2 protein chains.
Amino acid sequence: MSAAEDVARDLLARTSGRITTARLTALSALLSLGRAATHTDLHRQAPDMDRVSLYRALDWLAEQGLASRITDADGVWRYEASVPGADHHHPHFQCSRCHQTTCIEIEGGLTVRLPAGFTQEKIEVLVKGLCRTCSLVSVPLGKTTKARRPA
Amino acid sequence: MSAAEDVARDLLARTSGRITTARLTALSALLSLGRAATHTDLHRQAPDMDRVSLYRALDWLAEQGLASRITDADGVWRYEASVPGADHHHPHFQCSRCHQTTCIEIEGGLTVRLPAGFTQEKIEVLVKGLCRTCSLVSVPLGKTTKARRPA
DNA sequence: CGTGAAGTGCAATCCAGTTGCATGAAACAC
DNA sequence: GTGTTTCATGCAACTGGATTGCACTTCACG
Ligand SMILES: [Mn+2]
Ligand SMILES: [Mn+2]
Ligand SMILES: [Zn+2]
Ligand SMILES: [Zn+2]
């Protein structure tokens with residue numbers, strides 16, 4: 001039983017819900033992975049768990065505040081472990097070449113001035129670009145970009 | 001021939017590409033609509049155009065800088081007309097009840113400090129919450145939220 | 001006009017995510 | 001412990017946005 005699994009069990013015990021293997025597996029995967037991962041990423045870590053059960057476990061974790069769910073640059077959900085109390089509103093960076101998502105530390109909350117009457121629930125900031133390793137290579141991976149010469 | 005269509009034709013003439021009806025229709029729809037719209041929204045405006053052709057026209061417009069493509073809170077693409085030169089990096093607001101997307105004006109570009117070696121291409125800021133009209137009603141539309149009582 | 005390059009339409013396919021329903025496992029009371 | 005209730009799981013089917021392959025049309029240019 002890994003360290004992540006112990007922590008997971010402990011966190012689950014603090015909720016009003018049941019401690020099931022699916023939730024344990026999902027949460028430990030999130031904890032050990034450490035960064036925002038897609039359902040597919042996570043399912044790779046736990047191939048024996050049913051796809052749908054994983055979705056449901058992750059969504060439940062998000063409801064409980066133990067995970068947060070964001071949309072990545074390709075419109076796919078990404079999940080990451082989060083601390084129940086403090087809401088997890090830091091920006092993320094996604095590399096357009098290797099698609100890895102990185103959390104960005106930030107001092108002082110990002111704020112945007114909304115028009116009158118609007119109420120804010122959450123804010124999602126996603127920076128796209130090249131990560132350190134991909135910056136060096138610079139040639140896009142997969143999906144070859146078709147050159148288009150100006151007139 | 002509407003005003004939007006005239007502007008559209010004019011903008012298309014500035015590119016190296018062909019001026020086709022699909023592109024004209026797509027761009028005028030974007031221009032007259034005025035806010036970030038989904039493919040489905042836009043197809044409603046031009047039901048006779050083929051779905052796929054609309055996708056391709058929109059993607060082409062995005063490549064040309066005449067439109068910008070963003071992911072909304074539900075992971076669906078949204079397109080909006082944009083000025084070719086100035087890149088279109090303002091925040092957006094999406095109402096969690098009526099799903100309408102609103103552009104948010106901002107003075108001074110949003111900036112985030114990236115880790116060393118990372119290169120930024122674009123930044124997407126999406127605020128979720130309730131728009132003015134929905135703030136008053138406050139009961140979510142569709143997708144009923146199930147209450148969950150703490151222990 | 002004729003020819004090549006670019007754009008279109010349609011059908012098929014992909015893929016993340018959801019839903020319905022029968023079965024199984026936690027929690028809790030006894 | 002056993003029984004009962006409640007909630008979670010597994011499987012299959014389904015949804016809907018988006019993409020791909022390919023034949024056909026249209027446009028620009030000689
Ligand atoms: Mn993060
Ligand atoms: Mn906008
Ligand atoms: Zn990278
Ligand atoms: Zn609204």
Side-chain angles (χ1 to χ4, degrees), chain A residues 8-9 12-27 36-44 46-64 66-67 69-79 99 101 142-151, chain B residues 9 12-13 15-27 36-44 46-64 66-67 69-79 99 101 142-151:
Chain A
R9 185 180 300 277
L12 288 177
R14 280 168 170 65
T15 71
S16 52
R18 292 186 186 164
I19 303 181
T20 69
T21 33
R23 289 171 186 175
L24 262 171
T25 320
L27 186 48
T38 63
H39 174 272
T40 317
D41 292 340
L42 294 163
H43 193 225
R44 206 171 297 127
D48 294 337
M49 187 183 337
D50 179 66
R51 262 168 30 83
V52 180
S53 301
L54 180 53
Y55 272 117
R56 292 200 264 233
L58 290 168
D59 290 348
W60 182 87
L61 288 171
E63 271 178 39
Q64 300 297 313
L66 291 174
R69 190 176 80 154
I70 57 174
T71 7
D72 77 0
D74 307 312
V76 178
W77 295 124
R78 282 183 182 258
Y79 303 83
H99 299 122
T101 301
K143 285 214 172 184
T144 28
T145 359
K146 39 204 152 190
R148 191 172 282 273
R149 186 147 38 104
Chain B
R9 185 180 302 276
L12 288 177
T15 71
S16 52
R18 293 188 187 163
I19 304 180
T20 69
T21 35
R23 290 170 185 176
L24 261 171
T25 320
L27 186 48
T38 64
H39 174 272
T40 316
D41 291 339
L42 294 163
H43 194 225
R44 205 170 298 128
D48 294 338
M49 187 184 336
D50 179 64
R51 268 167 24 85
V52 179
S53 301
L54 180 52
Y55 271 117
R56 291 201 264 234
L58 290 168
D59 290 347
W60 182 87
L61 289 171
E63 272 178 39
Q64 300 297 313
L66 291 174
R69 190 177 82 153
I70 57 174
T71 15
D72 77 0
D74 308 310
V76 178
W77 296 122
R78 283 185 181 258
Y79 304 83
H99 299 122
T101 301
K143 285 212 172 186
T144 28
T145 359
K146 42 205 151 192
R148 188 172 284 273
R149 185 149 35 107

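Just so it is clear: chains get the letters A, B, ... in the order the sequence lines come, proteins before strands, and each one is counted from 1. Note: hydrogens, waters and symmetry copies are ignored here, and every other heavy atom, side chains too, is used. For clarity, every value in this text was computed on a predicted model and none was experimentally measured.
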Here the distance between atom P of D:dG17 and atom CZ of B:R78, to the nearest Å, is 11 Å

* Give one of base, sugar-phosphate or nothing for A:R51, where a contact means two heavy atoms less than 4.0 Å apart. => base

To the nearest angstrom, the CE-C1' distance between A:M49 and C:dG24 comes to 16 Å

Between C:dA26 and A:T20, is there an OP1 or OP2 to side-chain N/O distance shorter than 4.0 Å?
no

Does a side-chain N or O from B:W77 land closer than 4.0 Å to OP1 or OP2 of D:dG17, or not?
-> no

DNA chain D nearest-nucleotide lookup for B:I19 and B:G75: closer to the 5′ end is B:G75

Test your reading of the model: is there a side-chain donor-acceptor pair from B:R78 to the backbone of B:D72, 3.5 Å cut-off? no

To the nearest angstrom, the NE2-P distance between A:H43 and C:dG17 comes to 13 Å

Whole-Å distance, B:D50 CG to D:dA18 P, equals 15 Å

Checklist entry - Is it true that A:R44 and A:D41 have a side-chain N and a carboxylate O under 4.0 angstrom from each other? => result yes

task: For A:V76, answer base if it contacts any base atom (sugar-phosphate contacts may also be present), sugar-phosphate if it contacts only those atoms, and nothing otherwise; contact means non-hydrogen atoms under 4.0 Å.
output: sugar-phosphate

Taken to the nearest 0.5 Å, the spacing of A:L54 CG from A:R56 CZ works out to 11.0 Å

The reported gap from CH2 in A:W77 to OG1 in A:T38 (rounded to nearest 0.5 angstrom) is 13.5 Å

One should read off an interatomic distance between B:R23 CZ and B:T25 OG1, to the nearest 0.5 angstrom, of 11.5 Å

Atom CZ of B:R69 and atom C1' of D:dA18 are separated, to the nearest Å, by 9 Å

*Indicate, with a heavy-atom threshold strictly under 4.0 Å, whether B:R56 touches base, sugar-phosphate, or nothing.*
base

Between CG of B:D48 and C1' of C:dG9 the distance, given in whole Å, is 13 Å

Atom CZ of B:R23 and atom P of C:dG9 are separated, to the nearest Å, by 12 Å

Can you see if the side chain of B:R18 gets near the phosphate of D:dA28 - specifically, an N or O under 4.0 Å from OP1 or OP2? no

In whole angstroms, the gap separating P of D:dT19 from CH2 of B:W60 amounts to 18 Å

Comparing A:V52 with A:A57, nearest DNA chain D nucleotide closer to 5' gives the residue A:A57

Winner on side-chain proximity to B:A22, out of D:dC11, D:dA18, C:dT8, is C:dT8

